[in-house]
Number of protein chains: 2
Amino acid sequence: MARKTGSHSEITGPRIRAAAQHLFARHGYAAVSMRQIAAEVGVQAGALYLYTPDKQSLLADLMRDHLESLLAATAALPPQPSPADRLAQFARFHIGYHIERPDAVFIAYMELRNLEPAQFAEIEALRRRYEDVLEDILRAGHRAGQFSIPDSKLATMALIAMLTGVTNWYREGGRLRRHDVEAIYADMALKSVGALAQP
Amino acid sequence: MARKTGSHSEITGPRIRAAAQHLFARHGYAAVSMRQIAAEVGVQAGALYLYTPDKQSLLADLMRDHLESLLAATAALPPQPSPADRLAQFARFHIGYHIERPDAVFIAYMELRNLEPAQFAEIEALRRRYEDVLEDILRAGHRAGQFSIPDSKLATMALIAMLTGVTNWYREGGRLRRHDVEAIYADMALKSVGALAQP
DNA sequence: GTCTATACCATGATAGAC
DNA sequence: GTCTATCATGGTATAGAC
């Protein structure tokens with residue numbers, strides 16, 4: 001992330017990005033002003049431009065960092081013996097990762113329309129790569145005769161939407177524990193593609 | 001919807017709401033100006049205030065109308081003999097209804113945070129009533145021993161998110177026909193709660 | 001590296017002519 | 001019923017002092 005000068009501050013930049021992430025997630029990119037971000041950090045609005053060329057880049061950087069981290073974490077998952085195990089692993093991972101980063105996730109899914117074309121294309125490509133991780137699993141299970149899915153792209157979109165929806169309601173310290181939530185979602189995901197025998 | 005005077009125009013009001021719905025869905029409430037809405041209708045910005053007291057009410061009215069229509073349509077669904085049939089009917093209905101009204105749906109799900117507290121509470125209550133329709137079905141299936149769901153609230157949120165996600169990718173005239181999409185989603189929904197035997 | 005000050009523009013909303 | 005004109009406010013972003 002381009003800082004404009006050979007500056008010393010290693011702390012203000014991250015704080016600006018944290019404040020922006022928090023405010024964008026809560027109120028939406030378009031509804032948040034640079035003045036609000038600056039106020040949350042405790043600097044003047046003008047000072048933000050030492051750390052970002054403009055508001056748009058602030059958003060795009062947040063989204064890119066999130067999606068690149070997500071992809072890296074996905075790539076680091078340990079190999080699994082079967083498509084069903086891979087899907088269970090993916091579902092648990094997705095739930096856990098999203099529960100831990102509600103703001104970044106929310107922004108990445110909701111603020112695509114506020115990106116300008118060039119940055120939209122870049123971010124959309126990253127998101128698409130993540131969807132492909134799941135679709136690969138589903139296709140492998142379909143080829144192996146273990147999943148029953150008429151259309152792998154539709155199933156991918158359905159599962160991603162189902163799993164990501166956890167951010168709409170899950171709250172730390174609520175009725176259900178994180179581990180239980182992961183288990184139940186993974187179970188529903190497996191059953192939805194016919195990968196689990198009925199009781 | 002309160003028009004300010006005993007006016008004659010039966011056409012401009014609806015056109016304003018249609019333009020607002022279209023623009024809010026495409027760019028987001030906060031990113032759309034009253035001038036843009038007026039331009040799309042072909043009137044001046046000031047003229048909008050003959051039909052709405054302010055921008056906020058324009059948004060709240062769109063959301064209220066959508067959710068009330070949705071609830072009315074849900075209530076009008078023909079009775080079904082079993083929880084599984086009710087769930088299949090709900091899934092197909094939800095998919096079809098959402099496919100036909102992508103803009104209204106998108107706004108109702110995305111712009112809650114741009115409502116002020118009083119209107120938020122009202123709209124949120126309507127949304128909650130719709131979720132309860134699904135949760136009632138899931139609980140009935142659970143009581144009857146036909147659904148396998150550890151937590152009915154979680155399952156409700158998971159299914160609503162999965163089904164609503166259709167608006168993220170489905171496009172008229174695309175690869176899949178509407179009827180096929182309804183059928184596949186309904187099948188995944190039933191399987192996810194253990195209501196369909198595996199092949 | 002951060003500040004104050006400010007340029008410049010778009011916003012939501014209103015007043016009053018027609 | 002719609003227009004033009006306008007208001008006060010707040011938006012992004014920059015300039016230049018320190």
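Being a predicted model, the structure only gives us computed values, none of them experimental. Chain A is the first sequence line, chain B the second, and so forth, proteins listed ahead of strands; every chain is numbered from 1.
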**OP:** Give the rounded distance in Å between these two atoms: CG of Asn114(B) and C1' of dG12(C).
**Re:** 15 Å
Sequence neighbours excluded and cut-off under 3.5 Å, please list the side-chain donor-acceptor pairs for residues 133-144 of chain B, or say none.
from: Glu135(B); atom 1: OE2; to: Arg139(B); atom 2: NH1; distance (Å): 3.0
from: Glu135(B); atom 1: OE2; to: Ser152(B); atom 2: OG; distance (Å): 2.9

Subject >> Whole angstrom value for the distance that separates C1' of dA13(C) from CG of Leu58(B) >> reply: 14 Å
**OP:** Check every atom of dA13(C), dT12(D), dT2(D) against the side chain of Tyr49(A) and return the nucleotide holding the closest atom.
**Re:** dT12(D)
Original post:
Going by the side-chain hydrogen bond (donor to acceptor under 3.5 Å, both in side chains) test, which pairs reach into residues 160-170 of chain A, not counting sequence neighbours?
Top reply: His94(A)-Thr164(A), Trp169(A)-Tyr185(A)
For residues 37-45 of chain A, please give each side-chain donor-acceptor pair under 3.5 Å, one per line with the distance, not counting sequence neighbours.
from: Glu40(A); atom 1: OE2; to: His22(A); atom 2: ND1; distance (Å): 3.1

Original post:
In chain order, what residues pass the salt bridge (Lys or Arg N to Asp or Glu O under 4.0 Å) check against Asp85(A), with sequence neighbours excluded?
Top reply: none
Original post:
Quick one: Asp54(B) CG to dT14(C) C1', roughly how many Å, whole number?
Top reply: 13 Å
**OP:** Figure out the CD/P separation between Gln56(A) and dG11(D), and round it to whole Å.
**Re:** 18 Å
Original post:
Got a second to check how far Leu48(A)'s CG is from Leu50(A)'s CG, nearest 0.5 Å?
Top reply: 8.5 Å
Original post:
What pairs with Arg15(A) under salt bridge (Lys or Arg N to Asp or Glu O under 4.0 Å), at least two apart in sequence or on another chain?
Top reply: none
Subject >> Residues that His66(B) engages under ring pair (Phe, Tyr, Trp, His ring centres under 6.0 Å), provided they are two or more places apart >> reply: none
Subject >> Partner residues of Arg178(A) under the side-chain hydrogen bond (donor to acceptor under 3.5 Å, both in side chains) criterion, sequence neighbours left out >> reply: Glu100(A), Glu182(A)
Contact list (N/O, under 3.5 angstrom) for nucleotides 3-5 of chain D vs protein:
from: dC3(D); atom 1: OP2; to: Gln44(B); atom 2: N; distance (Å): 2.5
from: dT4(D); atom 1: OP2; to: Gln44(B); atom 2: OE1; distance (Å): 3.4
from: dT4(D); atom 1: OP2; to: Gln44(B); atom 2: NE2; distance (Å): 3.1

**OP:** Give me the residues of residues 23-39 of chain B where at least one heavy atom lies under 4.0 Å from an atom of DNA chain C, by number, or none.
**Re:** Val32(B), Ser33(B), Met34(B), Arg35(B)
**OP:** Please state how far atom CD1 in Ile16(A) lies from atom C1' in dT2(C), giving the value in whole angstrom units.
**Re:** 11 Å
